Every structure is written in structure tokens, then in C-alpha cells.
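For this chain, numbers begin at 1 and follow the sequence in order. From a predicted model like this one, the values you see are computed outputs, not experimental measurements.
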Amino acid sequence: MTPSPRGRKKRDILWDGYKAHLTETCEPDTPNLITNVATTDATVPDRVMAGPIHASLAARDCLPGEHWVDAGYPSAAALATARREHGIELHGPLQAVTVAQSKNGGGHGQDAFTIDWDRQHVTCPNGATST
């Protein structure tokens with residue numbers, strides 16, 4: 001069976017095909033080297049790729065201590081999983097909160113919560129903690 005490309009729209013760009021997810025080093029005073037390439041159908045959202053990329057890097061003993069990504073990749077779950085399973089600090093802008101509570105002023109954004117990695121709990125704006 002031959003793979004067939006899928007259509008995708010991202011902001012104002014439309015295309016049929018695939019997406020390539022490239023991971024590269026970026027150390028001062030050294031050349032940047034590509035350490036991982038993952039290819040997906042165009043319809044696969046970036047936010048589900050941090051885990052598979054980290055697993056691929058781990059399988060080849062190439063895990064970074066920090067992984068900087070663009071806005072499509074990080075989520076609260078991805079940040080926690082990267083740290084818990086691979087010891088990676090995942091950095092990148094989190095997407096805006098779009099749930100109904102945030103639109104009518106009844107909810108809190110992700111920035112209102114405090115994460116204590118050492119104690120492994122999160123504190124909400126009301127002071128309650130959760131593990």
C-alpha cells in the first residue's frame with residue numbers, strides 16, 4: 001500500500017503532504033547538528049510529537065538536558081512527561097487557553113498555577129495543591 005499525503009492548514013498556509021520535525025543541537029561555539037528527524041502526515045498535530053521525538057533521542061542516547069520548541073509542541077502534559085520520563089526541561093510558549101471558562105472570565109490561565117517540581121505538586125490560584 002502506498003502512503004498518501006493529507007491536506008493541512010496552518011494559519012494562512014495550505015498544503016498537501018507531510019511534515020518533518022527536525023531536532024538539532026545549538027551549543028555556543030559549535031556547529032549545529034541535526035540529531036533527529038521525524039516525518040508525519042500533515043494532519044498530525046505538533047503537540048503529540050514531543051514524546052515520540054524524546055523516545056527516539058533516548059533510544060540513541062542523544063537526549064538533551066533542555067529542549068526548546070516552537071508553540072505547536074508544548075503542553076502541560078508534554079512538559080511533565082519530558083521531565084518525568086527523560087529528565088528533559090521542555091521549553092516553549094504554551095498555547096492560549098481556549099476553554100469556555102477562560103472566555104467568560106470564570107477560569108484561570110495556565111500561568112496562574114505554580115509547579116513545584118521537587119515536591120511534585122501544582123498549586124492553583126486558590127492555594128489548593130494537587131500531585
Side-chain angles (χ1 to χ4, degrees):
M1 182 171 152
T2 304
S4 59
R6 305 284 178 103
R8 175 78 174 173
K9 178 180 180 182
K10 189 170 188 176
R11 291 178 284 283
D12 295 334
I13 300 170
L14 297 167
W15 80 93
D16 289 327
Y18 305 92
K19 289 195 293 189
H21 307 267
L22 304 176
T23 306
E24 67 179 313
T25 62
C26 58
E27 296 295 326
D29 303 320
T30 62
N32 292 1
L33 301 174
I34 294 176
T35 57
N36 196 72
V37 177
T39 305
T40 63
D41 286 341
T43 56
V44 174
D46 294 346
R47 70 179 176 272
V48 302
M49 290 305 298
I53 289 168
H54 293 154
S56 179
L57 289 165
R60 290 176 287 106
D61 198 25
C62 291
L63 284 172
E66 292 180 295
H67 189 183
W68 291 83
V69 296
D70 70 20
Y73 293 85
S75 66
L79 270 66
T81 301
R83 184 177 175 102
R84 182 182 62 248
E85 292 183 6
H86 300 290
I88 297 172
E89 294 294 329
L90 184 62
H91 300 280
L94 292 170
Q95 294 182 0
V97 177
T98 58
V99 295
Q101 293 89 337
S102 68
K103 291 179 183 173
N104 65 19
H108 297 285
Q110 293 170 338
D111 58 343
F113 295 80
T114 304
I115 300 173
D116 184 333
W117 293 106
D118 295 329
R119 290 192 219 148
Q120 298 185 357
H121 71 255
V122 176
T123 304
C124 79
N126 296 329
T129 61
S130 176
T131 56

Test item: [X] side-chain N/O and [Y] main-chain N/O as donor-acceptor pair under 3.5 Å:
X: Thr25; Y: Leu33; value: yes
X: Asp70; Y: Gly72; value: yes
X: Arg60; Y: Thr35; value: yes

| Trace of the ring pair (Phe, Tyr, Trp, His ring centres under 6.0 Å) decision for His21 with Tyr73 | CA-CA 10 Å; His21 307 267; Tyr73 293 85; 5.7 Å; yes

| Atom pair CG/CD of Leu63 and Glu66 - distance to nearest 0.5 Å |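 So the gap between those two atoms works out to 13.5 Å.
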
Identify whether [X] and [Y] are in the same connected component of the hydrophobic contact network (ILVMFWY, side-chain heavy atoms under 4.5 Å).
X: Leu94; Y: Ile53; result: yes
X: Leu57; Y: Ile88; result: yes
X: Val122; Y: Leu90; result: no
X: Met49; Y: Leu22; result: no

| task | Report yes if the side chains of His67 and His54 come closer than 4.5 Å at any heavy-atom pair, otherwise no. | result |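 Yes, side chains in contact.
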
| Heavy-atom distance under 4.5 Å between the side chains of Phe113 and Thr123, does that happen here? |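 No, their side chains stay 4.5 Å or more apart.
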
| said: Show the nearest heavy-atom pair for residues Pro74 and Pro93, with the distance to one decimal. | reply: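 Looking at all heavy atoms of both residues, the shortest contact is CG-O, 3.2 Å.
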
| message | Under the criterion side chain to side chain contact (heavy atoms under 4.5 Å, CB included), I'd like the reasoning laid out for Tyr18 against Thr40: C-alpha separation, chi angles, the key distance, then a yes or no. | response | CA-CA 6 Å; Tyr18 305 92; Thr40 63; over 6 Å; no

